[in-house]
Amino acid sequence: MDYRREEILQGVFLTCIHTEKFKTGTLSVSLLTQLTRETAAANAVIPYVLRRGTVTMPDLEAIAARLDGLYGARIEPCVRKKGEIQCIGFRASFPEDAYVPEASGVLAQTASAMGELLLAPVTRGGLLLPQYVDSEREKHIERIRGRINEKRSYSVLRLCELMCPYEDYAVPAGGFEAEAENIHYHRLTQQWHELLAVSPVELFYCGGMPFEQVREALIGTLDALPRGELNFDIGTDVRMNTVEDAPRYFTESLDVTQGKLAMGYRLGEAMQEPDPAALRVFNAAFGGSVTSRLFMNVREKLSICYFASSTLDYAKGVLLVSSGIDFDKYDLARERIGSELAALARGELTDDELGAARAAVAGDLRAMEDDAAQLDEYWLSRNLEGSECSPAELAALAESVTREQIADIAAQCALDAVYFLRGRDEQDAD
């Protein structure tokens, strides 16, 4: 795969992955802004409102007809959180020009439709249509309320919120319900204009078209993008130390039959000069793979947890552990999870465990080259970090990570917060 990145307009950067592997092309546009509680919900609603209609495609039916005419192309809203940066925009998939009738120009037409969604929504008196805004606001509120239905991910969201009370990281990608309820079409129109004027823009293309042709199509689509004083002062604040000297413990009760235990660690000095390959292999060895110590020991051998895994936010330097347990195993599970991390810090990792962790990371990275959406996620993260390391290059580095590197990272991890979701009957029994 050939990688190329270039600023094609003021504050607009195009990352192009040229490959003949896919018959379907992928194109995305992301406006970058600081993630804050005050603006996150409204920002997240904007692409859904814009997706309702444009000047030439005034409703969903007209948009569907336009995309059907492009051999079933799809354009969907896309809202992402990368550390403490919110990324708002669209992702499109469409048949590559090589696989449709000659001179169809599907890429250029899809880019044009995406640009129209972003820049030329249907308005009245210069304002976004109130019926579209009201409808999408209510849908977004339902999405926010629906987070609680998936208790595993909900417990991690609550952990992040409680663990990082003074940090933007506490805010989910879609914001909170209280702020969503205050979305109004006047203010949302203003916020949309502000985003267009000040946000750096990341474009991503993966497919077989040459870079010059992709660039030409996108410049023609986005040359009307209003540009003011661009806000490049966005980023993720990496907190080296825990919020308090001792870990903080939080417990909530819901009507659940299985407890959810989530534990959050700060990576400390390991984030001063972070090694992305070593961090990935460390996480795979601890809880990020089916050969990890949490899976093999805490779940399989000891049967303490129904599930136990870890994820690592490489931008923020936060390690998050998620597990499902019987209510009466809270203390035991917490102790065993901590003991597995301590064992890694002492270098207690067999050759087989190290090899399995390396292989898991390298395999996942190389598999990204078979999934354009994963490549989009990967390169957006790398671009925000200022790195040009490809998945294949990072996979090669992962295969040489040492036991000592993993031990050093584990030794720096400090438990910051613990969240336990238990049943209401358990609360009554206390």
Open item on the list: Contact between R382 and T15 at the side-chain level, heavy atoms closer than 4.5 Å - yes or no?
Closed with: no

Open item on the list: Do W192 and V49 make a side-chain contact, defined as non-hydrogen atoms from C-beta onward lying under 4.5 Å apart?
Closed with: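 Answer no - side chains too far apart.
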
Is it true that a side-chain atom of [X] and a backbone atom of [Y] form a donor plus acceptor pair closer than 3.5 Å?
X	Y	answer
S135	Y132	no
E7	G11	yes
S155	R152	yes
T189	L128	yes
E96	G208	yes

Task: R91 and E377 ion-paired at < 4.0 Å - done: yes

TODO: Indicate yes or no: does R5 engage E388 in a salt bridge with an N to O separation below 4.0 Å.
DONE: no

TODO: Go through the structure and list residues passing side chain to side chain contact (heavy atoms under 4.5 Å, CB included) with T257, not counting sequence neighbours.
DONE: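 With sequence neighbours excluded, T257 shows a side chain to side chain contact (heavy atoms under 4.5 Å, CB included) to no residue whatsoever.
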
Open item on the list: If the condition is ring pair (Phe, Tyr, Trp, His ring centres under 6.0 Å), which residues does Y3 pass it with, not counting sequence neighbours?
Closed with: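 With sequence neighbours excluded, Y3 shows a ring pair (Phe, Tyr, Trp, His ring centres under 6.0 Å) to W379, given in chain and number order.
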
Open item on the list: salt bridge (Lys or Arg N to Asp or Glu O under 4.0 Å) for R147 and E177? Distances and angles first, verdict last.
Closed with: CA-CA 11 Å; R147 292 170 185 161; E177 181 177 349; over 6 Å; no

Task: Residue E229 excluded, over 12 heavy atoms near CD under 6.0 Å - done: no

